[in-house]
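Lettering of chains follows the sequences in order, A, B, ..., and the numbering in each one begins at 1. Predicted, not measured: the structure shown is a model, and the values here were computed from it.
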Amino acid sequence: MGLAKRIIPCLDVDAGRVVKGVQFVDIRDAGDPVAVARRYDRQGADELTFLDITASSDQRDTILHVVEKVASEVFIPLTVGGGIRQLEDIHRLLHAGADKVSINTTAVKNPAFIKKASDHFGNQCVVVAIDAKRVDSEASLRWEVYTHGGRNATGLDAVQWANRMVDLGAGELLVTSMDRDGTRDGFDLDLMKQITDAVSVPVIASGGVGTLEHLADGVLLGGADAVLAASIFHFGEFTIEQAKQHMATKGIEVRL
Amino acid sequence: MSGIVIANLGTGNLRSVSKAVEFVNGRAATVTADPNVIQNADHLILPGQGAIGTWINQLNMDPVLKKAVESRVAHGPVLGICLGLQALFDRSEESGGINGLGILPGRVRHFANEHRNVEKESVEAEHKLKIPHMGWNQVYQVGEHPLWQDIPDGERFYFVHSYFVEAANNVDEVGQCIYGNVFTAAAARKNIFATQFHPEKSQRAGLQLIKNFINWNGV
């Protein structure tokens, strides 16, 4: 027995509501973030991740209030991502009750920021989010890093980028397959395996979960330390507890 | 007296700790770096996350605060969390090597330094050991303590750390955890109880431990 693999429900928060888009269209309202967080906590979620997808900066403070409210009654780790550009942004989120922050675009624009954040707050609090898309190539399997919610290609190789981020002080990586996100076809297991093999920090697999089997595959075949999913939990299809029971039957150690 | 006091040593998610106290106690705790308030705490919590150097230097730069913490730690219930456990020991490998408060004998080591030795025997074992040790792991109660009340042996708590405590004296050890090697998950002596894991982030079991601490008179 030892360290349990984690199940992390992800709450995309826009203007104070949980939303979920399917391949970036058909955005569905999935409820009040505090109520959703409370439900997942009761079901045994190991952590919660909030992604602030609010486009306009004047609504940035909304996420702080959400985090404050959730942190007052849910006592599991909270990660918050979206719109983090400076140390002050991290400071405010941690002060509101977040335990970790997830950084994507700013890491690409300014990699030194990851070192600065890690030196200042400790690497345990710095999660680097990597959105990766398969590159069509006969020669070899590779992925390119995207930013701005998947809109901008960077030319960076995802596996090399993962290594660089860990060297600069990322304490954890959140790896999302852009090809699979919202498809419910399962994780991109080749991508997960390449990154989990390459780095020495924990990796969260994300993007594409449609069944409980996909969650187990992320751990058993992808080598992930944690699995993240949104829509299979949001709309009552499965509970966290069912997901854990299923993983346990596959021999995966979970916190029941 | 100043009730439940959370010492603010410039690191960590103090809000999470105070919210957890408020949740189980119904009243807010005082989060402060004021030496007078710390000295008069009924229950003192020493939390901390991040780099131990930041934590220790904060004390070393402020001798009045350091004296208040040291004199308060000598009597009355104290709960150390994460760095608040590590700092009680003699010395840490972190931050280029730094002395702790030396209240408990032992040292603080990095998981990777421990595992370079193991690697020769098993490359696989070393390879699989992700650092930081992050997530829910089992805590084995190797010593009896009022703070374990209503918490099952082997219960999972939330850990996040790259350095671990190796207590020199196993009588101080009340909880153990296994991650690559066995390490001190909880240590206790007299009025002090300290954990490597984060009770404030460990859901029901963690809240139970905080409740037990608040109900504990330190003997």
Side-chain angles (χ1 to χ4, degrees), chain A residues 1-8 41-42 44-48 67-79 93-100 117-127 166 170-173 196-204 223-226 244 253-256, chain B residues 10-24 28 48-55 82-83 94 111-112 115 126-138 140 154-163 177-180 198-208 210:
Chain A
M1 299 299 273
L3 188 62
K5 301 296 179 186
R6 289 167 280 155
I7 294 191
I8 308 175
D41 173 57
R42 272 203 302 271
D46 296 310
E47 291 187 24
L48 294 174
V67 173
E68 270 176 17
K69 273 191 173 167
V70 171
S72 303
E73 47 182 307
V74 169
F75 299 100
I76 57 177
L78 309 177
T79 303
L93 285 168
L94 297 184
H95 186 73
D99 298 279
K100 307 185 234 181
S118 168
D119 286 348
H120 198 86
F121 298 103
N123 74 341
Q124 84 291 333
C125 129
V126 180
V127 182
V166 172
E172 191 171 38
L173 300 178
T196 56
D197 278 349
V199 300
S200 56
V201 301
V203 174
I204 306 166
D225 303 279
K244 287 188 166 183
E253 195 162 351
V254 290
R255 178 178 72 106
L256 287 169
Chain B
T11 65
N13 43 354
L14 304 171
R15 187 186 173 91
S16 297
V17 181
S18 71
K19 283 292 164 191
V21 168
E22 195 176 330
F23 192 82
V24 297
Q49 213 175 32
I52 199 168
T54 316
W55 204 97
C82 196
L83 292 182
E94 197 179 354
F111 278 115
H115 282 274
E126 200 267 349
H127 183 70
K128 296 263 189 229
L129 199 75
K130 299 290 183 79
I131 300 169
H133 172 221
M134 190 185 284
W136 300 80
N137 207 335
Q138 291 183 290
Y140 299 99
E155 180 63 272
R156 289 184 188 276
F157 287 89
Y158 189 80
F159 288 84
V160 51
H161 60 124
S162 301
Y163 291 81
C177 181
I178 305 165
Y179 191 62
H198 288 269
E200 78 281 11
K201 286 289 158 184
S202 298
Q203 223 207 8
R204 274 192 301 272
L207 295 174
Q208 180 66 47
I210 291 171

Practice task
Please look at A96(A) and chain B and tell me whether the side chain, the backbone, both or neither of the residue comes under 4.5 angstrom of a heavy atom of that chain.
Solution key: backbone
Handout entry: chain B contact via V254(A) - side chain, backbone, both or neither, heavy atoms under 4.5 Å
Key = backbone
Practice task
Just jot down the side chain to side chain donor-acceptor pair (under 3.5 Å) partners of K244(A), sequence neighbours excluded, or say none.
Solution key: D46(A)
Handout entry: Part of K5(A) within contact of chain B (heavy atom distance under 4.5 Å)
Key = neither
Practice task
Let me know if T54(B) has heavy atoms under 4.5 Å from chain A in its side chain, its backbone, both or neither.
Solution key: neither
Exercise for the section: Identify whether the distance between the nearest side-chain nitrogen and carboxylate oxygen of E172(A) and R6(A) falls below 4.0 Å. Expected result: yes
If you look only at distance, which donor and acceptor atoms sit under 3.5 Å apart when one is on a side chain in residues 119-126 of chain A and the other is two or more places apart or in another chain?
residue : atom : partner : partner atom : Å
D119(A) : OD2  : K115(A) : NZ           : 3.0
Q124(A) : NE2  : F121(A) : O            : 3.0

Problem - Pair F111(B) and Y179(B), ring centroids less than 6.0 Å apart - result: yes
Exercise for the section: Classify the side-chain pair Q203(B)/Y158(B) by whether it contains a donor and acceptor separated by less than 3.5 Å. Expected result: no
Exercise for the section: With a 4.5 angstrom heavy-atom cut-off, could you sort out which part of H133(B) is near chain A: side chain, backbone, both or neither? Expected result: side chain
Completion exercise
Scored by heavy-atom pairs under 4.5 Å with chain B, the best of S118(A), A98(A), G171(A), G44(A) is G171(A)
Completion exercise
With chain A, the option among E22(B), K19(B), M134(B), H198(B) that has the most non-hydrogen atom pairs under 4.5 Å is M134(B)
Handout entry: Closest non-hydrogen atom pair between I76(A) and D99(A), with its separation
Key = O-OD2, 4.1 Å
